Amino acid sequence: MSKENPSDEKKSTQLPAAQMNGNGNAHIITISNMYEDYFLDYASYVILERAVPAVDDGLKPVQRRILHAMNEKEDGRYHKVANIIGNTMQYHPHGDAAIGAALVNLGQKELLIDTQGNWGDYRTGDSAAAPRYIEARLSKFAQTVAFNPQTTEWQLSYDGRKKEPINLPMKFPLLLAQGADGIAVGLSTKILPHNFIELIKASINILKGKSVKIYPDFLTGGSIDVSDYNGGKRGGKVKVRAAIEKADKNRLLIKDLPYGVTTVSLIDSIQKAVEKGKIKIKKIDDNTAQHVEIAIQLAPGVSPDVTIDALYAFSNCEVSISPNCCIIVDNKPEFIKVEELLKICTENTKALLKLELEIKQHELEEKWLFSSLEKIFIQNRIYHQIEECESWEEVMATIYRELKKYVKTPSDKSKKASDERLELFRDLTDDDIARLTEIRIKRISKYNSFKADQLIEKIIDELEQVAHDLEHLVEYTIAYYQMLLKKFGKGKERRTKITSFETIKAAQVVANNAKLYVDRKEGFIGTALKKEEFVTECSDIDDIIVFRKDGKFVVTRIADKTFVGKNILHVAVWKKGDDRTTYNMIYWDGKKGRAMAKRFNVTAITRDKPYDLTKGDPKSKCLYFSANPNGEAELVTITLSPACKARSKVFDYGFSDLEIKGRGAGGNIVTKYPVKKVVLKEAGHSTIGALKVWMDEVSGRLNTEGRGRFLGEFDTGEAILAIYKDGTYELNYVEMSRRYDPKDLMFIRKFDPDAPVSAVHFDGGKGWTMVKRFLIETTSVDQRYSFISDHKSSKLYFATASEIPVVKYSYKTKKVKHELELDLAEFIDVKGWRALGNKLGEFKVLKISEVREETAEVDEAAFSPKKTAAAKKPVGKKGAAKKTSGTLRAGDTVEFDVDGQGSLF
């Protein structure tokens, strides 16, 4: 480099490379330019040839080459995977490891490849055995939908020695059935697998011109929330959960896995949550064999419902997946919705079926033409005319001349109406003539004209059928999809349940893994102050609210030791959005010299920011403070200073007269005289009304947002009555973390001790259908009690705590179906909960439903129900059953499936 020319240093950064041109002169190419071209070439190669599948067949190149190599070796028997890998290497310019991994991945999807041997387990993450020990062959499904040499476009392999397909003629939306994911340069793709049966039905609907929606389905099962799926495009997401069952109060079972999660990774994530104190679990056992089963033993005193929520919140029992449907269309990546992709696949299938029909039509036309020429050639003994010919040209000319006497071609100009010659669909060629000369004497001598006519007639019928199919291509394609559904749809039902998930707040389900202490005098709180006053158990993600004597409060995140200000009055765990916890306070206003009372909530704050509950004067201070979880308003006794001029120096003050306002409100005047002390005289009742509770009919979780079935308004100490289909009932206090299984519930609502339960059940020991009514006499909470016999054939048909328990039911006797209506309150009196009840009949109920009377007023002119038929007495001691078949009643019907598989909802 020349020091005298500073520009040389600048130019040297381009790192020139010299190449010789045709004249022997050096041509300079900068490496920076080469890098731009090479990087673009590399990125295009990774996108098109490795990571992103093609829309035509839904396969990446390595998968396509594997299937092509397997098809070449296909003989109906299994082949060693090592041999398949070796055969694929003739087409794929990469190592055997990449081919083997792709082959195992295809085999585990259980669609295109039949496997034999240890192919690993996608549920546990176990790898497959070595390729020399396992075998594979193409599935019948793959042979049906993926291969047809006549409709396949071919190209030379990477070394030019072999031909390989550009795309397989895939007549099925394989990409959506299998799913795909890959990371390329600058983009990635993640297409989730969908259900085989649903894809076929959706394709049929597309052909019928209907709009469709499809959602993912996974071999691992579980449940999925698709509310934000967005058609699989970028920006969408799905939440997938494992299926967790309560085996008993101390044990949970995980039966299904989220997509992409193995049993090993799931257990690891649970153990990490346990180590961090988020979940309290005693032991985890992996019992996975033919089916997934992870058993979780709970620690003593831990709620299984809270633990289930915690597993979803802190472990891989719930995962969020962000799909990104990117595919190769015309050698370019495109981002589309899965419904658009399905439409493209459906149209592609229709086009391939049309091409196959056209090829078949051409083959049949050629077969008909030669069969017709052969018949004319032999029956009219044209072969005798060539015996005297001395040259090949003369033979060809003679046969052509003689055939023209019996056939006419499109090029014939003669259009006589009396022309009875056989009309061909194309002109004769030399190949047609030459093929006639190759007919053997043995065939001519044994030629059967009748069989020839039958063959020609059969070909004509087939041609007509093909022409009909081409004319009705949509119907033909629908029939093709229906054939796939009938032939291959068995066992491919949806495994992943589509539902909606309720957002689980981590703070509500995290286990109490810390203890909170307070030093009130010095103003410290934290988990490390073990010698100070214990406050409560909490979690390491909780927020703590602190009220001080100077009338200020602050909310801070829990820590080992935090200074929050001296003279602490109250410290507790604070929940964001809590509008039921009400704080009652009396403070001295230092500015105006008077005592003020206020009631307020703290629903939202900024952490670590002090808030003043007084008027802000330095002389202000808190005289009385209480925290009330359900808005209680107590009665206090106020004692004034002895030196004041007030007539009454001791009086009572009730907070129930105060409205609950914001924390910034000044409050109401209590007294203008100095206050000596304020003490609690009497605990109060809630002033904010009972808590309205609903149960989500999908998740079974309690909520106060109005989702699902309304259970009632609950005050302190009131319980929920849950009656289950197994003939048991249970009382539970209201806990927002509690979860019920809607499939197991027969009846649920607020418990009223004066409302009798009415039930219809089958007694297995006696073989009778019984009716009983009883009051809940037990008082234990969270304990189930059975109110039907413990015989294995006993079954609960119906139960309710409604005031007017009227039911419709049906049963069969001697092949005659009976439909009756019964008022349970008239049929039997209220007895003890252990009583068997009254006999309704010696039959089993087929169907039973509750008839609920309308409570709204009905305009008789607008609606007048017909009178019911005459009453008919059932088998029983008291009451009557009304025949209801064919009658109209002003009421709604809630049906119960008597086999126990239905739901109350």
Side-chain angles (χ1 to χ4, degrees), residues 520 535-536 544-555 567-605 611-617 619-641 644 646-692 704 713-718 734:
R520 296 182 184 272
V535 179
T536 184
I544 307 300
I545 189 167
V546 177
F547 292 89
R548 302 197 303 254
K549 195 170 183 179
D550 61 2
K552 295 181 175 63
F553 82 91
V554 66
V555 175
N567 298 317
I568 296 173
L569 290 176
H570 175 77
V571 57
V573 175
W574 178 76
K575 301 295 183 182
K576 183 179 180 181
D578 182 4
D579 58 359
R580 292 193 68 82
T581 299
T582 304
Y583 302 102
N584 300 339
M585 176 181 178
I586 297 177
Y587 70 92
W588 181 258
D589 183 358
K591 184 178 181 180
K592 295 186 177 181
R594 57 190 180 186
M596 309 291 291
K598 62 189 291 185
R599 302 181 73 204
F600 60 95
N601 304 123
V602 180
T603 57
I605 47 83
Y611 291 90
D612 199 337
L613 297 171
T614 69
K615 299 277 182 83
D617 189 86
K619 297 180 182 179
S620 297
K621 61 180 180 179
C622 183
L623 302 174
Y624 175 85
F625 181 88
S626 68
N628 305 279
N630 203 33
E632 291 84 358
E634 67 270 35
L635 182 68
V636 297
T637 298
I638 300 175
T639 303
L640 302 181
S641 172
C644 71
R647 292 182 180 178
S648 176
K649 293 183 172 58
V650 179
F651 60 92
D652 294 337
Y653 184 84
F655 282 96
S656 59
D657 296 329
L658 287 177
E659 292 185 10
I660 301 172
K661 298 183 179 180
R663 61 173 180 262
N668 292 3
I669 299 174
V670 178
T671 179
K672 296 180 181 180
Y673 298 102
V675 176
K676 180 180 179 181
K677 65 178 179 178
V678 181
V679 296
L680 176 66
K681 179 178 182 180
E682 183 181 311
H685 298 283
S686 174
T687 61
I688 58 176
L691 182 66
K692 293 183 178 180
T704 57
E713 298 182 3
F714 293 82
D715 215 329
T716 305
E718 293 184 323
V734 176

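Values in this document were obtained by computation on a predicted structure and should not be read as measured data.
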Taking all non-hydrogen atoms of both residues, which atom of [X] and which atom of [Y] are closest, and how far apart?
X      : Y      : result
Arg663 : Ile605 : NH1-CG2, 4.2 Å
Phe625 : His570 : CE2-CB, 3.5 Å
Cys644 : Pro674 : CB-CD, 4.1 Å
Ser648 : Leu640 : O-CD1, 3.6 Å
Gly631 : Thr582 : CA-OG1, 3.4 Å
Asn584 : Glu632 : ND2-O, 3.2 Å

Find out whether [X] and [Y] are in side-chain contact, i.e. whether some heavy atom of one side chain is under 4.5 Å from a heavy atom of the other.
X      : Y      : value
Asp578 : Asn601 : no
Glu718 : Val734 : no
Lys552 : Asp612 : yes
Lys598 : Tyr587 : yes
Ile638 : Tyr673 : no
Thr581 : Val602 : no
Glu682 : Asp652 : no
Val670 : Phe651 : yes

Calculate, to the nearest 0.5 Å, the distance between atoms [atom1] and [atom2] belonging to [X] and [Y] respectively.
X      : Y      : atom1 : atom2 : result
Thr704 : Asp579 : OG1   : CG    : 7.5 Å
Leu658 : Asn668 : CG    : CG    : 5.0 Å
Leu623 : Lys549 : CG    : NZ    : 9.0 Å
Glu634 : Thr687 : CD    : OG1   : 10.0 Å
Tyr583 : Ile660 : OH    : CD1   : 12.0 Å
Lys592 : Ile669 : NZ    : CD1   : 7.5 Å

Residue pair Thr639, Val675: steps toward the side chain to side chain contact (heavy atoms under 4.5 Å, CB included) verdict:
CA-CA 6 Å; Thr639 303; Val675 176; over 6 Å; no

Tell me whether Lys676 at atom NZ has more than 12 heavy atoms from other residues, nucleotides or ligands lying less than 6.0 Å away.
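Incorrect, the count does not exceed 12.
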
Answer yes or no: are there more than 12 heavy-atom neighbours, outside Lys621 itself, under 6.0 Å from its atom NZ?
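Result for NZ/Lys621: open.
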
Parallel, tilted or perpendicular: which describes the rings of Phe655 and Tyr624, with under 30° parallel and over 60° perpendicular?
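Because their plane-to-plane angle is under 30°, the rings of Phe655 and Tyr624 count as parallel.
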
salt_bridge(Asp550, Arg548) N-O dist < 4.0 Å
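Arg548 and Asp550: salt-bridged.
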
Step by step, work out the side chain to side chain contact (heavy atoms under 4.5 Å, CB included) result for Phe547 and Met585.
CA-CA 11 Å; Phe547 292 89; Met585 176 181 178; over 6 Å; no

Determine whether Arg599 and Asn628 satisfy the following criterion, side chain to side chain contact (heavy atoms under 4.5 Å, CB included), listing intermediate values before the conclusion.
CA-CA 10 Å; Arg599 302 181 73 204; Asn628 305 279; 5.7 Å; no

Please check this pair: side chain of Thr614 against backbone of Asp589, looking for a donor-acceptor N/O pair closer than 3.5 Å.
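A pair under 3.5 Å: no.
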
Evaluation steps, side chain to side chain contact (heavy atoms under 4.5 Å, CB included), between Ser626 and Leu680
CA-CA 9 Å; Ser626 68; Leu680 176 66; over 6 Å; no

